[in-house]
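Convention: sequence-line order gives letters A, B, ...; per-chain numbering from 1.
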There are 2 protein chains.
Amino acid sequence: MLDLPDDILEPLGRSPVARDVARRAGVSTATVSRVLNGSAGVRADKREAVMRAAQDLGFVANGAARALSTRRFMAVGAVVPNIENEAFVRVLSSVQDRLRQADYTLIAANAGYDLDDELREATFLLERGIDGLMLVGDIHHPDLHARIARSGIPMVQTFSLSREHPCVGFDNAGSAARAANYLMDLGHRRIGVISGLRKDNDRGGARVTGIAQALAARGLRLAPEHDIEISYGIGGGRDGFRQMLAGGSPPSAIICGTDQIAFGAMIEARARGLSVPGDLSVIGHNDSDFSPFLDPPLTTIRIHSAEIGHAAGDHLIARIQGRPVVRLTEIDAELILRASTAPPRHGDG
Amino acid sequence: MLDLPDDILEPLGRSPVARDVARRAGVSTATVSRVLNGSAGVRADKREAVMRAAQDLGFVANGAARALSTRRFMAVGAVVPNIENEAFVRVLSSVQDRLRQADYTLIAANAGYDLDDELREATFLLERGIDGLMLVGDIHHPDLHARIARSGIPMVQTFSLSREHPCVGFDNAGSAARAANYLMDLGHRRIGVISGLRKDNDRGGARVTGIAQALAARGLRLAPEHDIEISYGIGGGRDGFRQMLAGGSPPSAIICGTDQIAFGAMIEARARGLSVPGDLSVIGHNDSDFSPFLDPPLTTIRIHSAEIGHAAGDHLIARIQGRPVVRLTEIDAELILRASTAPPRHGDG
DNA sequence: CGCGGTTTTGAAAGCGCTTTCAGATAGCCA
DNA sequence: TGGCTATCTGAAAGCGCTTTCAAAACCGCG
């Protein structure tokens, strides 16, 4: 009877496991593991045998088994309010960039500006065994931090600054105030705000607060009819500005929560026969791709989403690897001056 | 000596495992597992004891262990050419929608229109142990399908139709042809195309082919100087149209690979003193958020990304669960008529 | 109260990897 | 060549679940 070795070249019915590689290379699974994880202390000939065997078999280590054994899932989670929002997509993509370099995977989830949903998504991710978590903002479900703490994994908040938790963000109030000051320096005195929904959204809230304070500092105030809250999008911007005009006293300048909103407001202004920036100065937020191409090009507050993402990714990786990190990273937002802002036509703002 | 039970309420140093729950509830881990997975055949009292114990302990099952044991990772991967592209984000978000309902997680990766990168990202995902994979398009690295096959997981391609592989998509050539026919029906005869880079991108290629064929069917041809390939974005669109004009014979209508490109082309046209649609009709692709708000509102081919995503998600889940599926799902693209198209001014197209 | 047939239950065997620990080898010098 | 380190290597013990299998508990009925 023919005495065939049991490591025939035929494909195994199942996908190959470390045991198969070991057998084929004539070593133990321990050695296979050592070789495949690049740990030192394996003689060159064995190392090569293992490499070749793994190659031949098309061996791919089972991630779950590895995760179970190492207690590392090699993935971090991110929960953002709206996965279709440009700014968040950019952050996700830049976080992923960094994670990828450290061989980590990003798992993103959508919370839709709802604290309960955010909690649910985060829990889902936590159950998966993620090694780190990225959140947006500083307002969360009361139970969320407890759960994160219990899981023992590092967490970092983004887009706003926090004194409670590790974060990478910028001063929403401060940068919005800067925009307001810029408008006032131009001579505007009747300044309006159109923001996205502010419930459970500290960023939006902080921006409006910052503007109100900047106005107050110069003896002006943010009139209630100039403080409009709408749902996001270009349509929202149109509605918002229409609503503001309905208030009776048209502003000479507005600051919008996103460039989409600003775009919508500009459209509505034009439809009303108002010229931008002649009759109305407009400032947006985020510096979207289309903003430089609008007519007129939009003045906007550029949020360095990519930097936020990189910093957040680095922060998480560092903590996962036990390296020290700074608790708070501030990424400056920048006022990009373009042609949608000008001194008020009538001098009185 | 006090005989304390070993399941004190004090927090354990480590996070609780099934064993802890079992001890606390006075059952075996088998029963804990049965209860937590909702399998029948556990007496009500024990079931409740387990539930309470799990609750009290804040027990969260270890995903890796579960995955190892069940051979199900409960995650599917998706590799898209550009994670920041609106259409792909929408697909990802709608795939995730469906996955989430089946308790699956989506892990998305970016391939940047490069076959090698796509292979690398897909391999990375495969190593993680994903249970299914979504790709975009029908052109891939020669090794990719082999690797997927070896892993034994279901795969679905999106955005284009394929006769080789399971897919959910639409007829890129056909819908672009429809746009061309519409323009010709309006009387246009000099029709141009500005597409994104077509290397390794079957969608872009198919669209141009479709247009060329539609023209040919009516005895017209796509002049080389009217076939422009640029990198994506508004800036790309401007450059592309400028380049086309430099060809010497301006077209009376153009079809663009995305609405961003169309937007850019319209800006350039206006800058050249051409009116849209008076001197130039413009058609885009994707129906972006801003398209109805452009001046004039943009005629575009709407790709039902959300439907594609839903169908792709359902397809993968079905196959993972061993249910039968249709191999090819065609989602119709739709020509949305708005004001950027009109009969050519001079009658001769 | 005993019996056959259901339910319920727990012990134990994996799942496929990493890692410890002790034994086997190799290397070196006297 | 022998003895002593310094390297390598493999057996085996987990990691924390799920799931099989056989035993235990329960049930209704005669």
Side-chain angles (χ1 to χ4, degrees), chain A residues 12-51 53-54 57-75 103 126-131 151-152, chain B residues 12-51 53-54 57-75 103 126-131 151-152:
Chain A
L12 310 81
R14 55 201 171 69
S15 38
V17 298
R19 195 74 232 285
D20 302 317
V21 177
R23 202 171 302 148
R24 187 172 233 269
V27 301
S28 72
T29 60
T31 299
V32 170
S33 172
R34 281 190 273 258
V35 170
L36 265 26
N37 293 299
S39 61
V42 176
R43 234 173 37 211
D45 56 335
K46 302 227 170 197
R47 154 164 269 115
E48 258 181 38
V50 170
M51 300 281 245
L57 257 27
F59 172 73
V60 172
N62 177 312
R66 171 174 286 165
L68 180 58
S69 190
T70 59
R71 281 85 184 298
R72 283 273 170 96
F73 187 58
M74 299 306 280
D103 268 332
L126 254 17
E127 284 174 3
R128 281 287 188 275
I130 49 166
D131 303 309
S151 78
Chain B
L12 309 81
R14 55 201 172 70
S15 39
V17 299
R19 195 74 234 283
D20 301 317
V21 177
R23 203 172 300 148
R24 185 173 234 270
V27 300
S28 72
T29 60
T31 298
V32 169
S33 172
R34 280 191 273 258
V35 171
L36 265 27
N37 291 301
S39 63
V42 176
R43 236 171 38 211
D45 57 333
K46 301 229 172 197
R47 157 164 268 116
E48 258 181 38
V50 170
M51 299 281 246
L57 257 28
F59 172 73
V60 172
N62 177 313
R66 170 174 288 167
L68 180 57
S69 190
T70 59
R71 281 87 184 296
R72 283 273 168 95
F73 187 58
M74 299 305 280
D103 269 333
L126 254 17
E127 283 175 3
R128 282 287 189 274
I130 49 167
D131 303 309
S151 79

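With sequence neighbours excluded, no residue forms a side chain to side chain contact (heavy atoms under 4.5 Å, CB included) with Arg71(B). In terms of the side chain to side chain contact (heavy atoms under 4.5 Å, CB included) criterion, residue partners of Arg47(B) (sequence neighbours excluded) are, by chain and number, Val35(B), Val42(B), Met51(B). Remark: Arg43(A) pairs with Asp45(A) by the salt bridge (charged side-chain N to carboxylate O under 4.0 Å, His left out) rule, at least two apart or across chains. Residues satisfying the side chain to side chain donor-acceptor pair (under 3.5 Å) criterion with Ser33(B), sequence neighbours excluded, are Asn37(B). Annotation: side chain to side chain donor-acceptor pair (under 3.5 Å) contacts of Arg128(B) (sequence neighbours excluded): Thr105(A). Residues meeting the side chain to side chain contact (heavy atoms under 4.5 Å, CB included) test with Ala61(B), sequence neighbours left out: Phe59(B), Arg66(B). Take Val60(B) and apply the side chain to side chain contact (heavy atoms under 4.5 Å, CB included) test, not counting sequence neighbours, and it matches Glu127(A).
The residue among Ser33(A) and Ser69(B) whose nearest nucleotide of DNA chain C is located toward the 5' end is Ser69(B). Of the residues near DNA chain D, Val60(B) and Gly41(A), the one whose nearest nucleotide (by heavy atom distance) lies more toward the 5' end is Gly41(A). Between Arg34(A) and Arg19(A), the residue anchored nearer the 5' end of DNA chain C, judged by the nucleotide with its closest heavy atom, is Arg19(A).
Scanning DNA chain D 5' to 3' for nucleotides with an atom closer than 4.0 angstrom to a non-hydrogen atom of chain A gives a first and last hit of dC8(D) to dG16(D).
Here the shortest heavy-atom pairing between Val32(B) and Ala18(B) reads CG2-O, 4.1 Å.
Note on Arg71(B): only backbone sugar-phosphate atoms sit closer than 4.0 angstrom, heavy atoms only; bases stay farther off. Residue contacts shown for Val27(A) are limited to sugar-phosphate atoms, with no base heavy atom under 4.0 Å away. When heavy atoms are screened at a 4.0 angstrom cut-off, Ala30(A) is found touching base atoms of the nucleic acid. Across all strands, Val32(A) comes closer than 4.0 Å to no nucleic acid atom at all (heavy-atom distances).
Note that the two end axes of the helix from dC1(C)-dG30(D) to dA30(C)-dT1(D) enclose an angle of 40°, each drawn from 5 base pairs, rounded to 10 degrees.
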